[in-house]
Amino acid sequence: MNGVFKRTYSYWFLLPAGIIYLLIFLTPTISSFFFSFTRWDLSDWQYIGFENFRMFFREQSLAIGFRNTLIYAVVTSSLKVVLGLLLGVLLTSKLRSKHFLRSIIFFPTLVSTIAIGIAFSMMMHPTEGLINSALSVVGITGPDWLGNPKLALLSVAFVDVWKGVGIALVIYIAGILSIPEDYYEALQIDGGTGWNKFWSIIVPLSRPATHSVIILSFIGGLRSFDLIWTMTKGGPGFTTDLIASIIYKQYQGGFYGLATAGNVILFLVVAALAVPLNLYMNRKEVDL
Amino acid sequence: MRRVRSFGFEALGVAFALLVFGIPFYFMIVNAGKDAKEASLLNLNWPTSPQFWDNIRTVAETRDYMLLRAFVNSTALTLFSIVVLILFCAMAGFVLQRRKGRASPVFEFLILSGLIIPPAIVPTIWVLDGIGLFKTLLGLILVEVALGFPFSVMLYKNFMATVPREIDEAAILDGCGGIRLFFRIIMPLLQPVTATIVVLSSVTIFNDFTNPLYFLPGADNVTVQLTLYNFQSQFVTQYNLLFANILLITIPPFILFLIFNKRIVAGMTAGSVKA
């Protein structure tokens, strides 16, 4: 039977996907570690040690990407957790309009990031834009959302949350709906309030959902490129550059070794933050 | 009284959601129908003399019908990537779930790495260049497949666990080999996940901007997201055309959303919430 088993579930089935994955994903990933130590123009390379990495941390215009990426990932993922959870609680209650609301909040996740980036850049125009026009009606002079170096990164992060909160929401809805009714009944018998229900049942028991939302949006935030590139191109100056946008700039400039070092740094950041985060959250998970 | 008040709150909530999530889309739509001068005001007024059709035609004709070519390219990219993705990932998921051996943890690790590791851009170009596929549609298809592989295999593998092994055993006793078992019996049973992956991947690949930007540059091979990016610098004074373009390329995902809303949500939550 063992021979039949091995013949039926032959490893040949893995071969087509395996070849593509090995060639297009694993080979570049592994070779990136080598090329990040070189000066490189695709055909010729010259070993230069840690020079690329040193450059990444010494040059102000490159080092800022490191900080911005962390800020961006932390801000977007924490806002998605909070808003996703609150909206999730709201849209699993007895609202009549919950299906409509879920759909309208979810739809932006399916729309092109470039389209949304362009539309919001115009809405955030300092004088003509909708947002500041609306603010001026109530007598507030709105800031230059994308032109102010202190604000621009957060403005883009806000658009990221607007576009992505729908995914957090549907994950939370699935998580909250999977909590067994018994818990709510027990709470009712003990005379608990709505506040107790939220803090003592929903928050702890939807932890698997929280876990997924944090991991998905945190990794997504660290790798984010297209939105920042459409909205600010890293500007004004270098103030909103993320690691991913720096990689693109260095690639355009023909600094392939430097761009690859950026990729390796991004890899290390993701591995150093996401993996421990994942392990930590796995330990804290409770069984339903 | 209480009911009236709760209804009031709900109406307020709906109005707020419409304001926050509806207005950006309304903004895109009205501006796609204005003339250049009116669109430069960036307001929400309905166009005084709507010219949606004219704008759409102008955008379509720009740069020698670039947008139409882009639609053909994006459709081909999406279609071929999905066919390859579905076939190869279903095969892999089938064996990975059924055959547990010493190599299993290694495969698990490789799939998980693919979900987390950001793809190394320039080395990928180097590999594609080496096999002569850089700047080709086939090369980009391979990239989309390689990047979509971990998620799709995971979905297939999880679903395979719900297909009873007795089905395999009965087929094997009847003399079915692995290939026939997979294509005739298993693949049809995987249909629900296949549908999920088709819908999710088509939205992802159709909306993909970063990979075409790196791996398929050049005006001949342009994809829809890149037209928008190119027109962004060309139409700096003609926002109406930019928005007409946005309107056009949002239609395919919108149709998918109308038909497969439930399936998309199911797919997005399937991989992330543990049972």
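Excluded from the calculations below are hydrogen atoms, water molecules and symmetry mates; all remaining heavy atoms, backbone and side chain alike, are included. We name chains A, B, ... by the order of the sequence lines, and we start the count at 1 in each one.
- For the atom pair CD1 (A:I114) and CD1 (B:I246), the distance works out to 10.0 Å, reported to the nearest 0.5 Å.
- Ranked by heavy-atom pairs shorter than 4.5 Å toward chain B, the options A:V270, A:L266, A:L95 are led by A:L95.
- In this structure, A:R39 places its CZ atom where only 12 or fewer heavy-atom neighbours from other residues, nucleotides or ligands lie under 6.0 Å away.
- The residue among B:G178, B:P119, B:P123 with the most heavy atom pairs within less than 4.5 Å of chain A is B:P123.
- Using a 4.5 Å cut-off between heavy atoms, A:V269 makes no contact with chain B at all.
- Each of B:I179, B:L147, B:D168 has some count of heavy-atom pairs under 4.5 Å with chain A, and the biggest count is that of B:D168.
- Shown here for A:S10 and B:V95, the closest heavy-atom pair between the two residues is O-CG2, 3.5 Å.
- Chosen from A:V170, A:T260, A:I118, the residue pairing most often with chain B at heavy-atom distances under 4.5 Å is A:I118.
- Partners of A:S103 under the side chain to side chain donor-acceptor pair (under 3.5 Å) rule, at least two apart in sequence or in another chain, are B:N261.
- A:Y248 touches chain B through backbone and side chain together, each having a heavy atom under 4.5 Å away.
- When the candidates A:I104, A:T29, A:N278, A:V213 are compared by the number of heavy-atom contacts under 4.5 Å with chain B, A:I104 comes out ahead.
- When each of B:V203, B:N43, B:T124, B:V143 is scored by its heavy-atom pairs under 4.5 Å with chain A, the top score falls to B:T124.
- Legend: residues meeting salt bridge (Lys or Arg N to Asp or Glu O under 4.0 Å) with B:E10, ordered by chain and number and at least two apart, are A:R96.
- Ranking B:A90, B:G101, B:G114, B:G22 against chain A, the residue ahead of the rest is B:G114, based on heavy-atom pairs under 4.5 Å.
- For residues 217-230 of chain A, heavy-atom neighbours of chain B at less than 4.5 Å comprise A:I219, A:R223, A:F225, A:D226, A:W229, A:T230, sorted by residue number.
- Side-chain atoms of A:I20 and B:V84, non-hydrogen and from C-beta on, do get closer than 4.5 Å to each other.
- With a 4.5 angstrom heavy-atom cutoff, A:Y11 touches chain B via backbone and side-chain atoms both.
- Proximity to chain B is limited to the side chain of A:L101, based on heavy atoms less than 4.5 angstrom apart.
- Listed options A:L15, A:L110, A:T27 were ranked by heavy-atom pairs under 4.5 angstrom with chain B; first place goes to A:L110.
- Only the side chain of B:I131 comes within less than 4.5 Å of a heavy atom in chain A; its backbone stays farther off.
- At a 4.5 Å heavy-atom cutoff, the contact between A:L26 and chain B is made by side-chain atoms alone.
- Contact between B:L228 and A:S112 at its shortest, heavy atoms only, is CD2-OG, 4.3 Å.
- When each of A:Q252, A:E128, A:R7 is scored by its heavy-atom pairs under 4.5 Å with chain B, the top score falls to A:E128.
- In this structure, the portion of A:F35 lying under 4.5 Å from any heavy atom of chain B is its side chain and not its backbone.
- In this structure a side-chain-to-backbone donor-acceptor pair under 3.5 Å is missing from A:Y256 to B:W126.
- Not a single donor-acceptor pair under 3.5 Å links the side chain of B:R98 to the backbone N or O of A:Y9.
- Of all residues in residues 207-214 of chain B, those placing a non-hydrogen atom less than 4.5 angstrom from a non-hydrogen atom of chain A are B:N207, B:F209, B:T210, B:L213, B:Y214.
- The minimum heavy-atom distance between A:A17 and B:F149, with the atom names listed, is CB-CE1, 3.4 Å.
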I'd like to know whether B:V122 forms a side-chain contact (heavy atoms from CB on, under 4.5 Å) with A:L42, so could you lay out the CA-CA distance, the side-chain angles of the two residues, the decisive distance to 0.1 Å, and finally the verdict. CA-CA 8 Å; B:V122 192; A:L42 285 186; 4.1 Å; yes

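- A pairwise comparison of heavy atoms in B:F27 and A:A119 identifies CE2-O, 3.7 Å as the closest pair.
- Aromatic ring centroids of A:F107 and B:F257 lie under 6.0 Å apart.
- Within the 4.5 Å cutoff, side-chain heavy atoms of B:L242 are placed close to those of A:M122.
- A donor-acceptor pair under 3.5 Å links the side-chain atoms of A:N263 to the main chain of B:I121, judged by distance alone.
- Listed options B:F243, B:F25, B:F182 were ranked by heavy-atom pairs under 4.5 angstrom with chain A; first place goes to B:F25.
- With chain B as partner, the option from A:F100, A:F34, A:F25 having the largest number of non-hydrogen pairs under 4.5 angstrom is A:F25.
- Note: B:F94 and A:F13 have perpendicular aromatic rings, judged against thresholds of 30 and 60 degrees for the angle between ring planes.
- When all heavy atoms of A:P28 and B:A120 are compared, the closest pair comes out as O-CB, 3.8 Å.
- For the atom pair CE (A:M123) and CD1 (B:I23), the distance works out to 7.5 Å, reported to the nearest 0.5 Å.
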